Amino acid sequence: MTDRTERILEGLNAAQHKAVTTEGGALLVLAGAGSGKTRVITNRIAYLIEQGVAPWKILAVTFTNKAAAEMKERVYRLVGDEARSIWVRTFHSSCARILRQSAERVGLTAEFSIYDGDDQKRLMKQVFNDLRLKGGAATPSSAIHLIGLMKGRNEGPDDLDTTSPLEDEVKRAWKVYQERLLRANAVDFSDLLGLALKVITEDQTAGEGWAKRWTHLLVDEFQDTNRVQYLLAARLAEHTGNLCVVGDDDQSIYSWRGADISNIVDFEDDHPGATVVKLEQNYRSTGTILKAASALISNNRQRTEKTMWTAAGDGDDIDYFVAADERMEAEYVARIAQHLKQQGRASNLAVFYRIHAQSRVLEEALRSKQIPYRIVGGIRFYDRAEIKDLVAYLRLLNNPASDMDLHRIINQPKRGIGATTVKRIFDLADQKNTAALDVCRSAASPSAGLLGTGARKKVASFVALMDGLAELAKDLGPADLAEAVLARTGYTQQLAAQGTEEARSRVENLAEMVGSIRSYEEDAENQSQEPTLVGFLEQVALTSDVDQTDALGEGVTLMTVHAAKGLEFEEVVVCGLEEGLLPHFRSVIEDDVEEERRLAYVAFTRAKQKLHLTRANERTLMGQTRYNEPARFLEEIPAEILTRSGRSGRGRIPLDDRSQGQSRGWGQNRPWQAERRRRPPKDAIPDAPPRAATRGSARSGKKAKGRWVAGMEVSHPKFGVGTVTAWTGTPPDEKVAVFFPRYGLKTIVARFLQPL
DNA sequence: CAGGAAGCCATTTTT
DNA sequence: TGGCTTCCTG
C-alpha cells in the first residue's frame, strides 16, 4: 500500500472503508445525516485514481455548484493536480456541456441560451396571452410547474390527458412554448437534462461518444434525482456498470420538483447484485439532537430502516419557545444571537424557516439589535432588475434569436419604443416564425410599412446600436463587452441622471457585476480555459443563490430549510413549528406530510451542539393573521429532552440547570412577556370575517380563482359553519381545508361547501 | 409614450 | 402584504 493510499483510508470506520474501496459494479451508499458522506465520495474518487483509473474517466455529479466545488477541492487535496481532469459538476452543468458539443442534433446552435425560471414564466405568460388562455383552469405558473414535472419524467405534451381541461390547456400552451424556445435557440432547465439524455441515448445506439466516455460514475444526493437524471446516470454507466450512488431517503425534500424517492429505494431491485453500504454513525450532532431527529423521522412510513448512532455525549436539551406572535419569536431569536455575539460566536448560529416570507421579521429584530447577519436565498444577485437587463444584452449579443431578451431591453433604457411598436414587431415575428431582432432590422428600413416614421427611426437606431455592439463582441472579452454595453446604451447614464439613492445602488450593482465577470475571466484563465461569453452566461444561468453562500462573513446565517441541506452549524434555531407552516398547508391538503417531516429532520440534523425550536401562536403572513396550532412534529420529540423556555407566569424557569451556561442571560429579563396576549381559545378563528370574504363570492360568475380565501366562512351540510384555511386544485378536483370549531381541520371537496 | 394611481391576484420549497 | 397589470392623464 502506498503512502497516499494509506492516507486516503486513514481514520475511516468500517462502513466508510467499504464504501470507499468496494470495486466495480453498482454501489449504493445510504449515508445518514452527518455520517461523513462527502468524505466517502471524495476519498473514493481518490482511491480510484490510486488504483490506476484515469482521472478523466471519472464523472462525479452533484446538485449544487457549491457541493461540486467543495468536492473538487477535497479531491485536489488528496491527489493533487490529477484532480484537474476529473469532471466534478452539477447535473445541469454537465448536461449543458454535453449539449453545447452536440447542439445541432437537437436543432440548436452551440450558443443556445439557458432560460431560468423567470424567463420561463415570462415566456409562458406571453404564450397564455397569445392563445387567450387567461381565465382558464391553468395559470402560467401551474403550466410551467406541470411541464417541468413531466419533462422530468421524460414525457411530452402528448402524454397529457386532454379530457382534463387543465391538461388540455397545458398541452396547447406547451407546444407553443416549446416552438418559441426552439426559435429562440434556447432551452429551459428541464430541457437541458432531457435533451442531453436524448443526445447520449442516440450516441449509445451508435456506440460512441458520451455514452462511453466515463468508466466510473458517482452521483451525490441520489434521493433527489428525478427520472431523467436517473436515466442519465444509468446510460452513462451502462457500458461498465460502475455506478456509485450516495444518498439518504430521509433527506429527500425535492419531490415537488420531480425528485423520485423510489430511485433510491428501488436501487437494489434495479441493480441486482449491487453492493449496499449503510453509514449509520453520526459524527456531527450531540446524542440529544440525534435522538430527537431519529424519533421524528421514525414516524415516516416510506423509508428504508436505518439506525443512526453517535459516540458523542448527550449534550444540552433541546430548547423550545412559544411566542405570542412572529415578532416575539424574532425577538427571542435575536436574543439568542446577541448572546452568542457577545461571545464572538455569532457566525456559529443559523436560523432556519420554511418560507422566505418569514425572514423579514427576523431581519428586523436582528438589525435593531445590531447583530450582523447574512441571508441566503430570496433574491439572487443575478435576479436584480438592472443585472438582468445587462445579462439580457449580453445574451442577445451571444444569441440574437433570443426574443425574451430582446423584449426585455428593446426599451430599456427608455428609448421611446412603446408597447404598440413592440407588439407589432413580436406579432410579425410569430407570424413569420423568425427572430424578433430580424423583424426589427427589416422594419427599420424606410421601405417597410410596419411602423410609423417616428417608431421606425427609433427602431433603426436601436438596431444600429446592437449591430455596433455585436461588432465589438468579436474582439472584446465578456467584461469589456459588458462595460461597452453599459456605456453605449446609456444605461448607466440614465440611472445616474435619476439621482436617487436607489439608482445609485443600482449603478453600484452593475459595477459589481462587471467585477464578477472579470473574476470569471480570471478563474477561467487559471484553469487554462478561454473565458467566453457563453461560458459566463452559462455560469449565470446555473448559479443558484445557495451557491453564493460561502461569501464568508461574520454573522448569523438566515435561510430556508431547503437551502440548509448539506450544511452544519454549532447552534441552530428552527422557527415556525406550526401546523400550516411546517408542515406547510399544501402538504397537509395534498397528503404529503412525510416530506415536511423530512424537511424538519434535515433542519434538526444541521445542528452540532444546540438546537432551538420556536413557534408563534399568532402569525401574520401575506396580510392575513391566523392562529396556528403547534406542529405535530413537536409531539413526536421525546418530551424529556425538550425544555420549554421563557414560559410565562410562575412556572419553572428551566434555563438555570444548563451545564454550559449558554442559556444564561435571557432568563431575567423577558420583555416579550409584557406584551404577551391572552391566547385565544383553542378553536379560535379571526372574529370578523375578513374583507376578502366578500370578494371572491360576491363577484360571481368567476370560477376557481378567488373563490376561496383564507379566513372566509363557509357552511357544510354535516359539519356546519367553518373557516377556510387553505385550498388546492382546480374544479372538479378542488379541495378546501376548513377548520370547524366542533370537528377540527377537515379537507372537503369544494362542491360540498357553501360560502357564507 | 411615460409615469403615476388604483385595482387585482396569488400565496412553498429552486437546479 | 406586495408585485404586477391596467387604466388614466400629461
Side-chain angles (χ1 to χ4, degrees), chain A residues 61-68 89-96 114 116-118 120-122 125 129 134-135 139-142 144-145 148 152 188-190 192-193 221 224-226 228-229 252-259 352-358 360-361 376-380 383 385 411 413-422 452 454-455 458 541-547 559-565 576 580-590 592 595-596 598-599 602-603 620-625 692 695-696 699 702 704-710 725-728:
Chain A
V61 207
T62 64
F63 273 86
T64 66
N65 296 293
K66 193 163 166 256
R89 296 172 155 260
T90 64
F91 270 108
H92 293 266
S93 87
S94 309
C95 289
I114 299 168
D116 67 16
D118 199 58
Q120 280 184 67
K121 197 164 172 184
R122 277 158 15 106
K125 271 187 181 164
N129 276 335
K134 271 196 288 191
T139 63
S141 307
S142 69
I144 287 193
H145 182 68
D188 63 22
F189 283 135
S190 318
L192 219 40
L193 305 179
E221 307 279 17
D224 287 332
T225 50
N226 63 25
V228 167
Q229 288 160 334
S252 163
I253 55 176
Y254 284 105
S255 72
W256 52 274
R257 211 168 72 190
F352 303 152
Y353 35 80
R354 177 67 234 263
I355 59 173
H356 284 303
Q358 287 171 261
R360 256 224 347 235
V361 236
V376 179
I379 11 128
R380 292 191 309 169
D383 283 342
N411 197 31
K414 300 276 176 276
R415 46 175 76 91
I417 302 177
T420 7
T421 307
V422 173
K458 286 169 183 159
L542 299 181
T543 302
S544 72
D545 43 13
V546 181
D547 293 324
M559 64 180 121
T560 63
V561 183
H562 281 90
K565 197 172 68 160
L581 200 53
L582 183 62
H584 194 269
F585 297 113
R586 298 283 270 249
S587 74
V588 176
I589 297 167
E590 282 157 23
D592 190 17
E595 175 137 324
E596 300 285 309
R598 291 194 289 268
L599 215 37
V602 167
T620 305
L621 225 46
M622 316 242 189
Q624 302 264 354
T625 302
R695 188 168 73 194
R699 281 185 174 256
K702 274 189 75 178
K705 229 127 297 138
R707 197 139 73 97
W708 310 111
V709 179
T725 63
W727 63 98
T728 184

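These numbers were taken from a predicted model, which means no experiment stands behind them. Labels below follow one simple rule: chain letters A, B, ... track the order of the sequence lines, proteins then strands, and each chain is numbered from 1.
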Exercise for the section: Would you mind telling me which of B:dT15, C:dG2, B:dT12 lies closest to the side-chain atoms of A:I355? Expected result: B:dT12
Handout entry: For atom OH of A:Y254 and atom C1' of B:dT12, their distance in whole Å
Key = 12 Å
Practice task
Could you state the atom-to-atom distance from CZ of A:F63 to P of B:dT14 in whole Å?
Solution key: 15 Å
Fill in the blank from the handout: Here the distance between atom C1' of B:dT14 and atom CG of A:L193, to the nearest Å, is 13 Å
Handout entry: Side chain to side chain, A:V602 and A:I253, heavy atoms closer than 4.5 Å
Key = yes
Practice task
In whole angstrom, give the distance that lies between atom NZ of A:K121 and atom C1' of B:dA10.
Solution key: 9 Å
Handout entry: Base B:dT13 to side chain A:R586, donor-acceptor N/O within 3.5 Å cut-off
Key = no
Completion exercise
To the nearest 0.5 Å, atom OG of A:S587 lies from atom CG of A:L581 at 10.5 Å
Handout entry: Short side-chain N/O contact to B:dA2 OP1/OP2 from A:N411, under 4.0 Å
Key = yes
Practice task
Using a 4.0 Å heavy-atom cut-off across all strands, classify A:G416 as base, sugar-phosphate, or nothing.
Solution key: sugar-phosphate
Practice task
Report yes if a side-chain nitrogen or oxygen of A:T620 is closer than 4.0 Å to either non-bridging phosphate oxygen (OP1 or OP2) of C:dT1; otherwise report no.
Solution key: no
Handout entry: A:T560 and A:Y353, any side-chain heavy atoms less than 4.5 Å apart
Key = yes
Problem - Closest listed nucleotide, where the reference is the side chain of A:R360 and the choices are B:dT15, C:dG2, B:dT13 - result: C:dG2
Fill in the blank from the handout: OG1 of A:T90 to CD of A:E221, rounded to nearest 0.5 Å, is 13.0 Å
Fill in the blank from the handout: Taking B:dA2, B:dT14, B:dT15 as options, the one with an atom nearest any side-chain atom of A:H562 is B:dT14
Practice task
Round to the nearest Å and state the distance from A:M559 atom CE to B:dT12 atom C1'.
Solution key: 17 Å
Handout entry: Distance below 4.0 Å between A:T420 side-chain N/O and B:dC1 OP1 or OP2
Key = yes
Problem - Beyond-backbone contact of A:W256 with A:E595, side-chain heavy atoms, under 4.5 angstrom - result: yes
Exercise for the section: Map A:T560 and A:K458 onto DNA chain B by nearest heavy atom, then report which one ends up closer to the 5' terminus. Expected result: A:K458
Exercise for the section: Could you tell me the separation between the CD1 atom of A:I417 and the P atom of B:dC1, rounded to a whole number of Å? Expected result: 9 Å
Handout entry: Residue that, paired with A:E596, satisfies side chain to side chain donor-acceptor pair (under 3.5 Å) out of A:R586, A:H584, A:R354
Key = A:R354
Practice task
Select base, sugar-phosphate, or nothing to describe what A:S141 touches, counting heavy atoms under 4.0 Å on all strands.
Solution key: nothing
Handout entry: Pi stacking test for A:F189 and B:dT15: under 5.5 Å apart, planes under 30°
Key = no
Handout entry: Closest listed nucleotide, where the reference is the side chain of A:H356 and the choices are B:dT14, C:dT1, B:dC1
Key = B:dT14
Practice task
Sticking with atom P, work out how far C:dC4 lies from B:dT13, rounded to a whole angstrom.
Solution key: 15 Å
Handout entry: 5' priority, DNA chain B, between A:A455 and A:Q229 [closest heavy atom]
Key = A:A455
Practice task
Starting at atom CG of A:L542, determine the distance to atom P of B:dT14, rounded to an integer number of angstrom.
Solution key: 17 Å
Practice task
To the nearest Å, give me how far apart CG (A:L621) and P (B:dT12) are.
Solution key: 10 Å
